[in-house]
Amino acid sequence: MTQSATDRFATLAVHAGVEPDPTTGAIMTPIYQTSTYAQTAVNQHRGYDYARSANPTRTALQKALAALEGGRFALSFSSGMAAIDTLLRLVRPGERVICGNDLYGGTFRLFDKVLSEYGLIFTFVDTADPAAVPAALAAGPARLVWLETPTNPMLRLADIAAAAVAAHKVGAWLAVDNTFASPALQRPLALGADFVIHSTTKYIGGHSDVVGGVIVMNDEAAHERLQFLQNAVGAVPAPFDCFLTLRGIKTLSLRMAAHCHNATAIAHFLAEHPAVERVIYPGLPTHPQHELACRQMAGPGGMVSFIPRGGEAAAHTIVCGTRLFTLAESLGGVESLIELPAAMTHASVGGPEAQAAGFAVDPALVRLSVGIEDVDDLIADLDTALTGR
Ligand SMILES: *Cc1c(COP(=O)(O)O)cnc(C)c1O
């Protein structure tokens, strides 16, 4: 199925990157479970010589992911963290990275506990404040601006287009972790970003059955360097993982619509609930950046955070009191999950340096990854957990 430049997102999600298998006509890209490929003469092959360097299942996935983000190139990895680690190898020792102060916990750990030991310098700022990135760029040279929007778990937004202008003015790159929105709701390259990264483990895979990551970009030289690093460092995804991710992508458009629909209904339900103190959801008019969410995103997403009345103890009772929402880390799958970030996903950001840098996740904050079940069942489940009945 050759794709056309005018294909819309739901069409791309089904068709991009996938051609009927040339040898059999199989409609779905086969799992090329092989480590090497026969050569007809020395170095004579069909573009595939060793599976760390390239694999046809991975090629199809990379093409699909590039198309979904509206980029020219994509490189897939064995996890989101591997994608982030590889991208950060474009930054040299002594160079500075400006990044948000409520990043995904694993990203903060990689920056603060690993890459800083190799001489990269990280400046953490509140990227929800439109003045923060320009101020940090004015304070000294930087190679890269790193944004997460919406952030995890506070669901703060950063203005991607404004950050791109500010970064490019001083010759820095802008990278956006688009995991929470997915390309169905937000396309950072079109807003001026140089790199988009995803944990494809989340919405893109969508079924809680595979771990993976991707970098998408338009620049040919950056792609060449990152492809070299992908092969040199070697954190590549297995063919079966690529197949599962490709399979998940087919329904991304439908799933994101259902996630947004259900999360919107749940956010409104929680906002009215007497046992809830505060709800954080970009789709609520009470969200401080609701206007930016409407401008930058095609939908408010499937993540909802809230603080119950009764503090941490109440939060512990609630996360153990649901039937359909499973108490678990991760997000973005078809099934609803509930968790306590301060004690679970964000436990690694609890140290004093983290607190000083502005990473303070309220110990009572409950995070929901709203799935695609019937929303009335989900609301009834939350009501039971909140009221203890
Ligand atoms: C999960 C996640 C990552 C890390 O991805 P893995 O696939 O778990 O390695 C990075 N960023 C965000 C926003 C995430 O949610």
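Every number for a ligand or one of its atoms is a count from 1 in the order of the listing.
- Between D159 and R295 there is a salt bridge, since at least one side-chain N of the basic residue sits less than 4.0 Å from a carboxylate O of the acidic one.
- A cation-pi arrangement, defined by a distance under 6.0 Å to the six-membered ring centre and an angle within 45 degrees of its axis, is absent between K113 and Y118.
- Considering backbone and side-chain N/O of S199, one or more are found under 3.5 Å from N/O of ligand 1.
- Numbered from 1 in the order shown, with element, the atoms of ligand 1 that lie under 4.0 Å from a heavy atom of D177 read 10 (C), 11 (N), 12 (C), 13 (C).
- Backbone and side-chain nitrogen or oxygen atoms of V211 are examined, and none is located within less than 3.5 angstrom of a nitrogen or oxygen of ligand 1.
- For ligand 1, the atoms sitting less than 4.0 Å from at least one non-hydrogen atom of G212 are 7 (O), numbered in the order shown with element in parentheses.
- Among protein heavy atoms, the minimum distance from atom 15 (O) of ligand 1 is reached at K202 NZ, 2.7 Å.
- At the shortest separation from atom 4 (C) of ligand 1 among protein heavy atoms lies Y104 CE2, 3.4 Å.
- Side chain to side chain, H273 and D383 meet the donor-acceptor criterion of an N or O pair below 3.5 Å.
- Taking every non-hydrogen atom of G80 and a distance limit under 4.0 Å, the qualifying atoms of ligand 1 come out as 5 (O), 6 (P), 7 (O), 9 (O).
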ring-ring contact (aromatic ring centres under 6.0 Å, His included) between F111 and W146, intermediate numbers included: CA-CA 11 Å; F111 289 0; W146 180 272; 5.6 Å; yes
Candidate pair H287 and Y281, rule ring-ring contact (aromatic ring centres under 6.0 Å, His included), full reasoning: CA-CA 6 Å; H287 189 286; Y281 184 60; 8.4 Å; no
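- Within a 6.0 Å sphere centred on CD of E224, heavy atoms belonging to other residues, nucleotides or ligands number 12 at most.
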